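What follows is a short report on a single structure.
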Amino acid sequence: MPEGHSVRRVAIKFGDNFVGETLAVSSPQGRFGRGAALVDGERAVRSYAHGKHFFLEFENKLTMNVHLGMYGSWTFGGDEQFIQASSIGAPRRIGEQESGDGEDDAAGYLEPPAPRATTRVRLVSRHGYADLVGATICRVLEPAGVAALRSQLGPDPLDPEADPEPFYDACARTSRPIGAVLMDQKAIAGIGNIFRAESLFRAAQNPYAPARHVPAETLRMLWRDNVTLMNIGVELGRIVTTAPEHRPGIPAQRAWREHANYVYLRHGRDCRVCGRDTIVVEDLGGRKLYWCTVCQAGDDAARAA
DNA sequence: TGGTAATGAGCAA
DNA sequence: TGCTCCTTACCAC
């Protein structure tokens, strides 16, 4: 998916364009029909993200909750008062994160285009619209439901107020591999397969090491680095994790698939740091784990165990 | 035209 | 651990 940085961008986009507006909410596909009716015609009052969950709160105290899953995406469009049309969510090509090339002609905007057959939800304000497709979760929650959901999520590195202690505690309490704990949304919210792989590489940490054996200083480094990397993702709209010295002459804004990452999707290619053909892809908990067996060797016994 | 993988996660067994 | 759901793009045929 769309990892936490994409969801944060969606929340910002809704904050800029929809909060304060009365919205027409519909479900062209029909699979969100009842939920849409609960908030249709209500004024949006707050937009926020927690990890990979997006929340849009309405004046009637109900909240639309969306999780994009692996393939979900939002498409936006509108008139000149609507901030830059774009789509945010699942990429359409490896390395491509978001597109702003839309068919939406801002100058000629009168009303939204006909929705696709798969459009789960459409929200329309005076100046623009948002279409959702492919989400794994799209529902309306009461305040208690929002609280219950958020209580199950770990701290979010993109939240400036977040306290990382629960993440450190979760690591201290388990012998699961650190590479698995980083993907556990109850331990830390918003990290997906790319930030997992890239932050472990940057920390030179073996992904298979039991979390409770990872030094406290390394855990603090992992938290801080994810804060940094995810904020870059929010700013750029794409995940760029390479340091400038590892993509010589190429600015982050133009670091596409050739230069954006260290290990993600780079198995079988030379490692940017050790220079050797040591990046592998393996299965960890049903997801693909990319890592450099030299740079992240650490305690090799941990992996054999 | 069909198979497959993709930044996810809940569920049954 | 493996199955399921959601959608799209790309690739081989």
Side-chain angles (χ1 to χ4, degrees), chain A residues 1-10 27-33 35 49-54 65-75 87-99 101-103 115-122 131-139 145 148-150 152-154 156-158 176-177 179-201 207 226 229-234 236-241 255-257 260-268 281-291:
Chain A
M1 126 176 195
E3 302 192 20
H5 69 299
S6 296
V7 183
R8 179 72 41 156
R9 283 172 66 87
V10 166
S27 180
Q29 180 199 46
R31 298 186 47 174
F32 180 60
H50 185 162
K52 300 171 189 173
H53 283 269
F54 167 63
N65 168 225
V66 172
H67 190 300
L68 293 173
M70 193 100 80
Y71 337 97
S73 70
W74 286 99
T75 299
S87 65
I88 300 175
R92 297 301 162 233
R93 244 184 310 260
I94 297 300
E96 177 185 9
Q97 295 304 312
E98 292 177 21
S99 60
D101 53 332
E103 46 289 0
R116 280 179 280 179
T118 53
T119 301
R120 184 80 48 84
V121 190
R122 163 168 283 183
D131 280 357
L132 173 69
V133 300
T136 198
I137 290 174
C138 178
R139 61 190 169 191
L149 169 59
R150 297 192 66 186
Q152 295 299 308
L153 296 174
D156 180 347
L158 283 172
R176 296 165 65 211
V181 177
L182 280 175
M183 292 274 281
D184 182 348
Q185 303 298 302
K186 293 189 289 296
I188 183 168
I191 292 179
N193 206 12
I194 304 179
F195 287 125
R196 179 258 296 259
E198 296 292 312
S199 62
L200 285 170
F201 177 88
N226 275 292
L229 295 177
M230 293 174 79
N231 274 291
I232 290 171
V234 171
L236 298 178
R238 296 182 293 110
I239 299 175
V240 177
T241 57
W256 292 91
R257 49 172 149 311
N261 305 125
Y262 287 104
V263 290
Y264 178 70
L265 242 38
R266 296 197 72 248
H267 50 299
V281 56
E282 295 168 347
D283 191 280
L284 177 59
R287 300 300 302 279
K288 289 192 170 174
L289 168 70
Y290 300 85
W291 67 294

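Quantities reported herein were computed from a predicted structural model and do not represent experimental measurements. Naming: A, B, ... by sequence-line order, numbering from 1 per chain.
Residue A:Gln29 places at least one side-chain N or O closer than 4.0 Å to OP1 or OP2 of C:dT7. Put simply, A:Arg287 has no side-chain N or O that comes within less than 4.0 Å of OP1 or OP2 on B:dA6. One finds a side-chain N or O of A:Arg120 lying less than 4.0 angstrom from the OP1 or OP2 phosphate oxygen of C:dT7. OP1 or OP2 of C:dT8 lies within a sub-4.0 Å distance of a side-chain N or O belonging to A:Thr118. Taking only side-chain nitrogens and oxygens, A:His67 comes nearer than 4.0 Å to OP1 or OP2 of B:dA9.
For the C1' atoms, the distance linking C:dT8 with B:dG10 amounts to 22 Å, nearest Å. As rounded to the nearest Å, B:dA9 and C:dA9 have C1' atoms that lie 23 Å from one another. Using P as the reference atom, B:dT1 and C:dC6 are 23 Å apart when rounded to the nearest Å.
Between the CZ atom of A:Arg139 and the P atom of B:dG10 there is a distance of 9 Å, rounded to whole Å. Whole-Å rounding puts the A:Arg238 CZ to B:dA6 C1' distance at 18 Å. Nucleotide C:dT7 holds its P atom 15 Å from the CD1 atom of A:Ile137, rounded to whole Å. The nearest whole Å value for the distance from the CZ atom in A:Phe54 to the P atom in B:dA9 is 17 Å. Whole-Å rounding puts the A:Leu153 CG to B:dA9 P distance at 9 Å. Atoms CG (A:Leu265) and C1' (B:dT4) sit 15 Å apart, rounded to a whole Å. Rounding to whole angstrom units, OH of residue A:Tyr71 and P of C:dC6 are separated by 10 Å. Going from atom CD1 of A:Ile88 over to atom C1' of C:dT7 covers 18 Å, rounded to whole Å.
Across all strands shown, A:Gln152 has no heavy atoms under 4.0 Å from either base or sugar-phosphate atoms. Within 4.0 Å (heavy atoms only), A:Thr136 reaches at least one base atom of the nucleic acid.
Two residues are said to be in side-chain contact when any heavy atoms from C-beta on lie closer than 4.5 Å; A:Arg116 and A:Val133 meet this criterion.
Closest approach of A:Ser199 to A:Leu182, counting heavy atoms only: OG-CD1, 4.1 Å.
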* Please report the C-alpha distance between A:Leu265 and A:Lys288 in whole Å, then the side-chain angles of each, then the deciding distance to 0.1 Å, and finally whether the side chain to side chain contact (heavy atoms under 4.5 Å, CB included) criterion is met. => CA-CA 9 Å; A:Leu265 242 38; A:Lys288 289 192 170 174; over 6 Å; no
* To do: Apply the test side chain to side chain contact (heavy atoms under 4.5 Å, CB included) to residues A:Trp74 and A:Val66: give CA-CA distance (whole Å), side-chain angles for both, the deciding distance (0.1 Å), then the verdict.
  => CA-CA 10 Å; A:Trp74 286 99; A:Val66 172; 4.0 Å; yes
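A side-chain contact (heavy atoms from CB on, under 4.5 Å) with A:Arg196 is found for exactly one of A:Leu284, A:Asn226, A:Val181, namely A:Leu284.
Picking from B:dA9, C:dC6, C:dT8 the nucleotide with the shortest atom distance to the side chain of A:Lys52 gives B:dA9. Counting only heavy atoms from C-beta on, A:Tyr264 has its side chain closest to B:dA6 among C:dC6, B:dA9, B:dA6. The A:Gln185 side chain lies nearest to B:dA9 when the options are C:dT8, B:dA9, B:dG8.
Note: A:Tyr262 and A:Phe201 have parallel aromatic rings, judged against thresholds of 30 and 60 degrees for the angle between ring planes.
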